[in-house]
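The next block holds one structure in the form of C-alpha cells; read it before the comments.
On a predicted model such as this, the values are computed, not experimentally measured, just so you know.
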Amino acid sequence: GRWLMGKYVVAAVLLAAYAAVAAWVVGQEGARYRASLRQVDAEPPKPVPIEVAATPPGPAPPPPTEPVETSEHRPAETPAPVVVAKAEPPEPKPAPAPAPAPPTSPKTPDPFWLSPRMKEVWDVAHLRPADERRLGAALNAMVLELEPPRTDGPYLRRAERAARPILETLAGKDRAYTITVLDSDHPNAFSHPGGYIYVTRGLFDLIGDDEDEDFVLQFAIAHEVAHVELRHAIKCLNDPDLSKSGLGTLPQFSLFLFPLGYPDAMDLEADRWAYDRLTHQLRRTPHEALAFLRRLEGYAKRNGFENGRRQLKPMPDASPLDNHIRAHPAAYKRLDELTQKAAKPSP
C-alpha cells in the first residue's frame with residue numbers, strides 16, 4: 001500500500017507548489033532585473049577623448065619650407081606655424097545603458113490547473129455508479145487538456161472494432177465504455193474510472209497496418225478494460241499515504257497513476273484478465289494473445305526501457321501521459337508470467 005508515496009514523494013507536492021513557485025521565480029527575476037539597472041547607474045562612465053581646435057577653423061597652414069640663405073649667409077625667418085592645442089575634454093554625457101534582456105519567467109499556469117475541480121477530493125471509497133461516471137467525465141476533460149484527440153484517419157474505427165468483442169464478454173455491463181484516440185507519437189494505452197479507454201496514434205505505429213492482426217491491439221485494450229473492471233485506480237486512490245498528499249483527486253491521477261502506473265501485482269492481474277478473455281471468449285491462440293507483449297518487448301529494447309519502470313526524458317511541453325507505457329513492469333517479465341500460465345492446463 002506504500003508503493004506510491006515511498007518512491008515518488010517529491011511528485012506529490014509538485015502541482016500544489018506550482019503556482020507559488022511560479023510567483024517566486026517571477027519575483028526573483030524582477031529583483032535581479034532591477035538590481036542590474038541600479039548597477040548600470042552606479043558605474044561611472046568612461047571618458048571619451050575628443051580633440052578640439054584652440055582657434056576657429058581657418059585655412060590650413062602652409063607647409064614648412066627649407067631655410068633660405070641670405071646674402072649675409074643668415075637663414076631667413078620662416079613663418080611661425082599655427083599651433084593646434086588640445087583642450088581638456090568636456091565632461092562626457094553618460095552613455096545610455098543597453099536595454100537589458102527581458103527577465104525570464106515560467107509559463108503562466110493554465111487556468112485549468114488552478115480551477116476548483118483540480119482541488120476537489122472525491123470520496124472514492126464510496127463511489128456509486130453515477131459518481132464514477134461524473135468522475136470519469138472530469139478525468140476525461142483533464143486528459144484532453146493534456147493531449148489533443150485524433151479525430152481523422154482509420155484509428156478510431158479500428159480501435160472500436162477491436163474492442164467490441166471484448167466489451168461484449170462483460171457481465172452486467174454496468175458502465176458504458178468510450179474509446180478515444182490521442183494524437184501522440186508515443187505508443188500508449190491507458191484507462192480510468194467511468195469506462196474511458198485511450199490509445200495513441202503511436203500505438204498503431206507499433207502494432208502495424210495489418211488489420212488482420214488486430215488481436216495485437218485487442219490485448220492492449222483488454223488490459224485497460226481490466227484495470228477499469230477490477231477497479232485498480234479506485235484501490236490506489238484509497239491508499240492511506242496517497243490520501244495524505246493534500247492533492248485533489250484529478251492531480252493524483254495526473255501525477256501518480258498516469259505517469260507512474262500501477263503496482264506490479266495489478267498490472268500482472270490485468271495481463272491475466274486480458275489473456276483469458278482473448279484465449280477463452282475470443283478463441284485466440286496463446287501465440288496471438290501474446291503478440292502485443294512480444295512487440296512491446298522489442299520496442300522497449302530499442303528505446304531504453306527494456307527492464308521496465310523507466311522515466312521518459314523530460315521535454316518541453318511533454319505530457320505526463322506519455323510516460324505511462326514505460327511505467328509498466330518489464331515486457332519480458334510479463335511475457336514470462338503469461339507463458340507459464342499458458343503452459344498450465346486450463347481449469
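- Atom OH of residue Tyr155 and atom CZ of residue Arg150 lie 5.0 Å apart, to the nearest 0.5 angstrom.
- The same ILVMFWY cluster, assembled from side-chain heavy atoms under 4.5 Å apart, contains both Leu156 and Val199.
- The closest side-chain heavy-atom distance from Glu337 to Asp271 is not below 4.5 Å.
- Aromatic ring centroids of Tyr198 and His192 lie under 6.0 Å apart.
- When all heavy atoms are compared, the tightest approach of Trp122 to Arg134 is CH2-NH1, 3.5 Å.
- Note on Leu144 and Leu135: same hydrophobic cluster, where clusters join Ile, Leu, Val, Met, Phe, Trp and Tyr whose side-chain heavy atoms are under 4.5 Å apart, directly or indirectly.
- The distance from atom CG of Asn188 to atom CG of Asn323, rounded to the nearest 0.5 Å, is 8.5 Å.
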Practice item. Dump the intermediate steps for side-chain contact (heavy atoms from CB on, under 4.5 Å) on Glu147 and His186, then the final yes or no. Key: CA-CA 11 Å; Glu147 200 83 74; His186 296 279; over 6 Å; no
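- Taking 4.0 Å as the cut-off between side-chain N and carboxylate O, Asp131 and Arg133 do not count as a salt-bridged pair.
- Atoms CZ and OH, on Arg284 and Tyr275 in that order, are 13.5 Å from each other to the nearest 0.5 Å.
- Looking at Val225 and Trp273, their side chains come closer than 4.5 Å, going by heavy atoms from C-beta outward.
- Under the 4.5 Å side-chain criterion, counting only non-hydrogen atoms from C-beta, Met266 is in contact with Cys236.
- The side-chain hydrogen bond (donor to acceptor under 3.5 Å, both in side chains) search around Asp209 returns none, not counting sequence neighbours.
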Exercise for review: Show your working on salt bridge (charged side-chain N to carboxylate O under 4.0 Å, His left out) between Glu211 and Arg157 and close with a plain yes or no.
Suggested key: CA-CA 11 Å; Glu211 295 191 14; Arg157 176 188 60 81; 3.1 Å; yes
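- From Phe215, atom CZ reaches atom CG of Leu282 across 12.0 Å, with rounding to the nearest 0.5 Å.
- Residues Leu257 and Leu237 meet the side-chain proximity criterion, which asks for heavy atoms closer than 4.5 Å.
- Within the 4.5 Å cutoff, the side chain of Tyr177 has no heavy atoms near those of the Ile166 side chain.
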Check your understanding: Please walk me through it: do Leu255 and Leu247 pass side-chain contact (heavy atoms from CB on, under 4.5 Å)?
Key -> CA-CA 10 Å; Leu255 293 176; Leu247 297 173; 3.7 Å; yes
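- Leu170 and Tyr196 fall into different hydrophobic clusters, defined by Ile, Leu, Val, Met, Phe, Trp and Tyr side-chain heavy atoms under 4.5 Å apart, directly or through other members.
- The shortest side-chain heavy-atom distance between Arg309 and Pro329 falls under the 4.5 Å cut-off.
- Gln311 places a side-chain heavy atom less than 4.5 Å from the side chain of Leu260.
- Partners of Thr339 under the side-chain hydrogen bond (donor to acceptor under 3.5 Å, both in side chains) rule, at least two apart in sequence or in another chain, do not exist in this structure.
- Each of Leu182, Val181, Leu217 was evaluated against Leu203; a single residue qualifies, Leu217, per the side chain to side chain contact (heavy atoms under 4.5 Å, CB included) test.
- Atom-to-atom distance recorded for Ile325:CD1 and Phe305:CZ is 5.5 Å, nearest 0.5 angstrom.
- Contact annotation: the side chain of Asn303 approaches that of Arg326 to within less than 4.5 Å [non-hydrogen atoms, C-beta and beyond].
- One finds the OG1 atom of Thr169 at 13.5 Å from the CZ atom of Arg164 (value rounded to the nearest 0.5 Å).
- Here Arg158 pairs with Asp214 in a salt bridge; the nearest charged N to carboxylate O distance falls below 4.0 Å.
- Every side-chain hydrogen bond (donor to acceptor under 3.5 Å, both in side chains) that Arg175 has, sequence neighbours left out, goes to Glu132, Glu229.
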